[in-house]
Amino acid sequence: EMGIPREDSAMLLPLGMGTKIVDKRNLRNLIDMSRQRQCTRAYWEYRELFSDICKALSSISEEWAYIVKTQFMPKCEYLGYCPEKYTCGRKPTKAEQ
């Protein structure tokens, strides 16, 4: 039977539990997470979770605030165009460039 590998199960989103959650991620995971779709067409839960993560990290130190400001950006900001099939219109698609 195939299931979720044990090491990947720690990366799943919580199921609305009202307890303290320990999130095991490294900086590369967080940067990859920020490169996911963050526009208005994305899941609001994901955007809200990532926004909460950014606020918490920024409050730790000036270094983390700098990392959040300079490294955490949506894929369209990083690439300069929107790679999605259904764009929100924030950035032009690759074909429109």
Side-chain angles (χ1 to χ4, degrees):
E1 178 180 322
M2 294 292 287
I4 298 170
R6 185 179 177 98
E7 61 272 9
D8 290 343
S9 64
M11 303 299 238
L12 294 174
L13 294 176
L15 299 175
M17 300 176 349
T19 69
K20 188 173 184 178
I21 297 168
V22 177
D23 193 7
K24 301 175 184 176
R25 296 185 195 272
N26 59 30
L27 183 56
R28 183 171 296 189
N29 295 140
L30 291 169
I31 291 173
D32 288 344
M33 190 175 179
S34 77
R35 298 283 195 263
Q36 300 303 312
R37 191 171 207 180
Q38 297 287 332
C39 63
T40 54
R41 295 185 64 94
Y43 291 114
W44 67 269
E45 298 97 336
Y46 186 85
R47 288 195 334 253
E48 188 174 301
L49 172 70
F50 193 71
S51 174
D52 290 346
I53 290 171
C54 289
K55 286 177 194 169
L57 289 174
S58 293
S59 68
I60 293 173
S61 68
E62 288 182 22
E63 289 84 7
W64 271 109
Y66 176 78
I67 289 170
V68 168
K69 184 178 176 184
T70 60
Q71 299 297 315
F72 295 178
M73 64 184 74
K75 193 185 298 183
C76 63
E77 293 290 330
Y78 176 72
L79 295 173
Y81 63 90
C82 181
E84 302 290 335
K85 182 176 180 181
Y86 300 106
T87 180
C88 69
R90 218 169 115 193
K91 291 281 186 181
T93 62
K94 191 172 185 177
E96 293 171 351
Q97 279 191 318

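Computed from heavy atoms alone, side chains included, the values below leave out hydrogens, waters and symmetry copies.
- Remark: F72 CZ to I53 CD1 distance equals 8.5 Å, nearest 0.5 Å.
- Counting heavy atoms from C-beta on, the side chains of P83 and K75 come closer than 4.5 Å.
- With sequence neighbours left out, E77 forms a side-chain contact (heavy atoms from CB on, under 4.5 Å) with M73, P74, R90, K91.
- In this structure Y66 satisfies the side-chain contact (heavy atoms from CB on, under 4.5 Å) test together with T70, sequence neighbours excluded.
- Contacts classified as side-chain hydrogen bond (donor to acceptor under 3.5 Å, both in side chains) and involving residues 53-62 (residues at least two apart or in different chains) are given here: S61-E63.
- Annotation: the span from W64 atom CH2 to L30 atom CG amounts to 6.0 Å, rounded to 0.5 Å.
- In this structure, L57 and I67 have side chains that are not in contact, with every pair of non-hydrogen atoms separated by 4.5 Å or more.
- Between the N29 side chain and the N26 main chain, a donor and an acceptor come within less than 3.5 Å of each other.
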Original post:
Checking side-chain contact (heavy atoms from CB on, under 4.5 Å) for the pair C76/Y81: CA distance, chi angles, key distance, verdict?
Top reply: CA-CA 5 Å; C76 63; Y81 63 90; over 6 Å; no
